[in-house]
Amino acid sequence: MSDSTQPVLAERRGHIGHLTLNRPTGLNALTLEMVRQLHQQLERWANDPQIAAVVLRGAGERAFCAGGDIRHMYDSYLAGRSHEPETFFSEEYDLDAYIHAYHKPILALMDGFVLGGGMGLAQGASIRLLTERSRLGMPETGIGYFPDVGGSYFLSRLPGQLGMYLGITGNHVGSSDALYAGLGDLCLNSDRLSELNSLIDSFNPADGSLRDQVAALADCTLPAAELEALQPAIDLHFAQPDIAAIRASLATEQRAEYRDWAQRTVQIIDNRSPLAMAVTQAMLLRGRSLPLADCFAMELHIGRQWFEKGNIMEGVRALIVDKDKQPRWQPPHIDQLDPAEVEAFFDGFQR
């Protein structure tokens, strides 16, 4: 294949290895081939003394990575190749864990959409660089899934109940909120990306760390973080013991500064998969006390059951395949959730 058709581009420039997700028309959504190429190249550069750091980015201006190629997994499952989704998730989680443990700096340039699997790649990077165009999120409950790729680890460690809020609702956040929540480290205006490229190309480890040099360039002018203003309400409502209680708490919000947000959040909850939200809540509660490796193991354990027992096939059908936007969730309402059914997804998981 020519460089223009390779799904992952890899090159060395000076002391830096560059990895580019190269499916811009598909918002750089990950395939199994891409996962394997990324992992193999990172392993090569880990042992290369000439490579001091790695830069990971997405082609185009729309997305760093908007997740995994869920449509392909849907089609594979329908075609009877039920092993393919599990293979993808297992190898994707292995890659994400490897990035978390990588002993050289990885700069993830989170320009544009950073969703689902893109968050899995970026949150393990040692330098998480935003632009004013960044939109981050774990939108899985909207398609009847749960926030995986290490989400049970990094969401559960956000301040207060922010991770519970973002995981259950699947809401996206911009750069201000990402910095406030701790989902990004630095922000660079997109009109200075050419300066960033020049800095990277001339980088010399003898002149200081890559992070410090990038930090000297980063200077985003951003609006105030909405999450900061909402934190008291989020912490109150999303600390409730179950999804029905969260919804009821939101529905009774009377404080003027939070009322509109609470009403919008109720509408969001009413459109998400009840089962996915309940499993997400249970998973994040467990994740708070688990090390990273156990979080990945827990997510894989749940995922092995999910295509058969969860709502993802119906969610993908309604939102991506048929696009009728009328998913028939099972159960259809949060007041019909069976706690035993939720807990069953964790049965047999060994820490």
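As the structure is a prediction and not an experimental result, all values here were calculated from the model. Along the sequence shown, the residues carry numbers beginning at 1.
Asp322 places no side-chain N or O within donor-acceptor distance of the main-chain N or O of Asp324, the cut-off being under 3.5 Å. Of the possible polar contacts, one joining the Asp177 side chain to the Glu226 backbone as a donor-acceptor pair under 3.5 Å is found. With Tyr102 contributing its side chain and Ala46 its backbone, the two residues share a donor-acceptor pair below 3.5 Å. When atom types are taken as modelled, the side chain of Thr169 and the backbone of Asn171 share a donor-acceptor pair closer than 3.5 angstrom. The backbone N or O of Ala245 lies less than 3.5 Å from no partner atom in the side chain of Ser249, so there is not a single donor-acceptor pair. Under a 3.5 Å cut-off, the side chain of Gln213 and the backbone N or O of Leu210 do not form any donor-acceptor pair. Looking only at distances, a side-chain donor or acceptor of Asn28 sits under 3.5 Å from a matching main-chain atom of Ala59. Judged by distance alone, with hydrogens and angles left aside, the side-chain atoms of Glu314 form no donor-acceptor pair with the main-chain N or O of Trp329 at under 3.5 Å. A distance-only check finds a donor-acceptor pair linking the side chain of Lys104 to the backbone of Ile51 [under 3.5 Å].
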Show your working on salt bridge (Lys or Arg N to Asp or Glu O under 4.0 Å) between Arg259 and Glu253 and close with a plain yes or no.
CA-CA 6 Å; Arg259 192 180 304 128; Glu253 175 61 77; over 6 Å; no
Might you work through the side-chain hydrogen bond (donor to acceptor under 3.5 Å, both in side chains) test for Glu33 and Gln37, ending with a clear yes or no?
CA-CA 6 Å; Glu33 178 186 10; Gln37 289 183 10; 3.1 Å; yes
Report the C-alpha separation of Asn197 and Ser194 in whole Å, then their side-chain angles, then the decisive distance to 0.1 Å, and conclude whether the side-chain hydrogen bond (donor to acceptor under 3.5 Å, both in side chains) test is met.
CA-CA 5 Å; Asn197 290 331; Ser194 60; over 6 Å; no
For Ile168 and Ile268, run side-chain contact (heavy atoms from CB on, under 4.5 Å): C-alpha distance rounded to whole Å, both residues' side-chain angles, the deciding distance at 0.1 Å, then the answer.
CA-CA 10 Å; Ile168 288 172; Ile268 290 167; over 6 Å; no
For Val342 and Asp242, run side-chain contact (heavy atoms from CB on, under 4.5 Å): C-alpha distance rounded to whole Å, both residues' side-chain angles, the deciding distance at 0.1 Å, then the answer.
CA-CA 11 Å; Val342 173; Asp242 55 42; over 6 Å; no
Applying side-chain contact (heavy atoms from CB on, under 4.5 Å), run through Leu230 and Tyr258 and close with a yes or a no.
CA-CA 7 Å; Leu230 292 173; Tyr258 303 128; 4.0 Å; yes
Is there a side-chain contact (heavy atoms from CB on, under 4.5 Å) between Thr131 and Ser175? Walk through the geometry before answering.
CA-CA 7 Å; Thr131 75; Ser175 301; 5.6 Å; no
Give the intermediate values and the outcome of salt bridge (Lys or Arg N to Asp or Glu O under 4.0 Å) for residues Asp219 and Arg192.
CA-CA 9 Å; Asp219 63 347; Arg192 303 193 70 183; 2.7 Å; yes
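The aromatic rings of Phe203 and His15 stand perpendicular to each other, their planes meeting at an angle above 60°, with 30° marking the opposite boundary. The aromatic rings of Phe89 and Phe307 sit tilted, their planes meeting at an angle between 30° and 60°. Between His301 and Phe349, the angle of the ring planes lies from 30° to 60°, which puts this pair in the tilted group.
If you take CZ on Arg135 and CZ on Arg62, they are separated by 14.5 Å, rounding to the nearest 0.5 Å. Note that CG of Leu166 and CZ of Phe154 are 10.0 Å apart. Values are rounded to the nearest 0.5 Å. For the atom pair CG of Leu337 and CD of Gln281, the computed distance is 10.0 Å after rounding to the nearest 0.5 Å. Note that SG of Cys295 is 12.0 Å distant from CG of Asp148, once rounded to the nearest 0.5 Å. Atoms OG1 and CG, from Thr31 and Leu21 in turn, are 9.5 Å apart once rounded to the nearest 0.5 Å. Taking CZ of Arg133 as the start and OG of Ser190 as the end, the distance is 4.0 Å to the nearest 0.5 Å.
Looking at His172 and Leu136, their side chains never come closer than 4.5 Å, going by heavy atoms from C-beta outward. In this structure, the side chains of Pro105 and Val54 stay at 4.5 Å or more apart for every pair of heavy atoms. In this structure the side chain of Arg255 reaches within 4.5 angstrom of the side chain of Leu236, judged on heavy atoms. Using a 4.5 Å cut-off on side-chain heavy atoms (C-beta onward), Arg328 and Arg317 make contact. Side-chain atoms of Trp261 and Thr265, non-hydrogen and from C-beta on, do get closer than 4.5 Å to each other. At least one side-chain heavy atom of Leu275 sits under 4.5 Å from a side-chain heavy atom of Glu341. Under the 4.5 Å side-chain criterion, counting only non-hydrogen atoms from C-beta, Leu300 is in contact with Ser90. At a threshold of 4.5 Å between non-hydrogen side-chain atoms, the residues Leu42 and Leu19 count as touching.
Enclosure of atom CD in Glu91 by more than 12 non-hydrogen atoms of other residues, nucleotides or ligands within 6.0 angstrom is indicated. Within 6.0 Å of the CD atom in Glu61, the count of heavy atoms belonging to other residues, nucleotides or ligands does not exceed 12.
Across all non-hydrogen atoms, the minimal contact from Gly184 to Leu179 is O-CD2, 3.7 Å. The two residues Gln231 and Gln161 make their nearest non-hydrogen contact at NE2-N, 4.2 Å. Between Cys187 and Ala218, the shortest heavy-atom contact is O-CB, 3.1 Å. Closest of all the heavy-atom pairs between Pro159 and Ala181 is CD-O, 3.3 Å. The shortest heavy-atom contact between Met119 and Gly137 is CG-O, 3.5 Å. Counting all heavy atoms, side chain and backbone alike, Glu299 lies closest to Ser152 at OE2-OG, 2.5 Å.
In the hydrophobic clustering of ILVMFWY residues, with side-chain heavy atoms under 4.5 Å counting as a link, Phe64 and Leu9 come out apart. In the hydrophobic cluster analysis, where Ile, Leu, Val, Met, Phe, Trp and Tyr join through side-chain heavy atoms closer than 4.5 angstrom, Met164 is grouped together with Val173. At a threshold of 4.5 Å between side-chain heavy atoms, the hydrophobic network of Ile, Leu, Val, Met, Phe, Trp and Tyr places Leu155 and Phe346 in one connected group. Leu27 and Met110 end up in different hydrophobic clusters when Ile, Leu, Val, Met, Phe, Trp and Tyr side chains are linked at under 4.5 Å. Under the 4.5 Å side-chain heavy-atom criterion for Ile, Leu, Val, Met, Phe, Trp and Tyr, Ile106 and Tyr153 are members of the same hydrophobic cluster.
You'll find the ring centres of Tyr98 and His39 inside the 6.0 Å limit.
In summary, the side chains of Arg44 and Gln41 do present a donor paired with an acceptor at a separation below 3.5 Å, with no hydrogens or angles considered. A donor-acceptor contact under 3.5 angstrom links the side chains of Asp212 and Ser209, judged on distance only. A donor-acceptor contact closer than 3.5 angstrom links the side chains of Tyr77 and Glu308.
Between Arg57 and Glu11, no side-chain nitrogen of the basic residue sits less than 4.0 Å from a carboxylate oxygen of the acidic one, so the salt-bridge criterion is not met. Electrostatic pairing of Asp294 and Arg286 does not count as a salt bridge here, judged by no charged N lying under 4.0 Å from a carboxylate O. The residues Asp75 and Arg71 are annotated as salt-bridged, a charged nitrogen and a carboxylate oxygen being separated by less than 4.0 angstrom.
The hydrophobic cluster containing Leu115 also includes Phe113, under a criterion of side-chain heavy atoms closer than 4.5 Å among ILVMFWY residues, counted directly or through chains of members.
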